[in-house]
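Each remark here refers to the structure printed beneath this line.
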Amino acid sequence: MEEIYQEIKRLRLEQGYTLKVLSERTGLSVSFLSQVERGSSSLAITSLKKIADALGVPITRFFEAEFNHNYLLKSEEQKPFRLEGSSAVYTRLNGEFGGRSLEPLLVTLAPKEKQARDSHPGEEFYYVLKGAALFTVDGKEYFMREGDTIHFPSNVPHSWENPLSEDSSFLCVVTPVIF
């Protein structure tokens with residue numbers, strides 16, 4: 001459990017959150033969170049889930065064994081998936097190891113598809129591999145062709161779309177880890 005407590009504190013500090021901010025985001029008291037980080041209080045799985053959500057990480061992040069590294073992801077192991085309510089196809093490109101902070105994805109957008117994204121902590125980077133994309137970031141539009149990149153903080157309103165009548169794909173790298 002000590003590793004879990006240390007990881008909570010590490011993630012909180014990495015994201016620049018005070019205990020008060022984490023308390024507001026989780027509904028858990030500052031004193032309880034302080035005790036958890038010091039390892040002087042036990043932690044229910046429901047509280048750990050609230051903390052994971054507030055820090056923007058999957059709860060499994062706290063159970064990853066440091067010795068269980070899988071740096072390489074072969075192309076045949078890459079599994080495309082869709083998010084509920086979206087026709088975009090995502091493919092995870094990351095290795096597996098504890099403490100990773102980047103989420104690299106291959107994103108394929110169908111013709112004329114638009115994706116609105118909520119503001120959230122972190123950063124986003126996109127590199128257009130095929131086709132084109134129209135990004136709207138903080139109210140400003142950016143038209144991108146193959147080879148163009150864009151990088152912005154995720155806390156500003158943003159969306160992207162494929163303006164073409166054929167599929168477009170791009171490399172996407174986001175923080176914090178979302179999958």
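Atom set for the values below is all heavy atoms of this structure, side chains included, hydrogens, waters and symmetry mates excluded.
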**Asked** Would you say the side chain of L73 lies within less than 4.5 Å of the side chain of N94, judging by non-hydrogen atoms?
**Response** no
In terms of heavy-atom contacts, A88 and E113 come closest through N-OE2, 2.9 Å
Kindly indicate whether the side chain of L43, heavy atoms from C-beta on, has any atom under 4.5 Å from the side chain of Y5. yes
Shortest non-hydrogen pair, S42 vs F32, comes out as O-CE1, 3.7 Å
Practice prompt. Taking the side chain as every heavy atom from C-beta outward, state whether L93 and L105 have any pair of such atoms under 4.5 Å apart.
Written response: no
* To do: Begin from the C-alpha positions of F152 and H158 and carry the test ring pair (Phe, Tyr, Trp, His ring centres under 6.0 Å) through to its verdict.
  => CA-CA 9 Å; F152 54 88; H158 54 283; 5.1 Å; yes
On a heavy-atom basis, the closest approach of P104 and L102 is CD-O, 3.5 Å
Heavy-atom side-chain contact between D53 and I59 under 4.5 Å:
no
Scanning both residues in full, the closest heavy-atom pair of P163 with L134 reads CD-N, 4.0 Å
The single option from F125, F143, Y126 that satisfies ring-ring contact (aromatic ring centres under 6.0 Å, His included) with F135 is Y126
In short, S154 meets T175 closest at the heavy-atom pair OG-O, 4.3 Å
**Q.** Min side-chain heavy-atom separation L129-L106 under 4.5 Å
**A.** yes
Over 60° means perpendicular and under 30° means parallel, so classify the ring planes of W160 and F170, tilted if in between.
perpendicular
Residue set satisfying salt bridge (Lys or Arg N to Asp or Glu O under 4.0 Å) with E37, at least two apart, ordered chain then number -> R12
Side chains of T91 and Q78, donor plus acceptor under 3.5 Å:
no
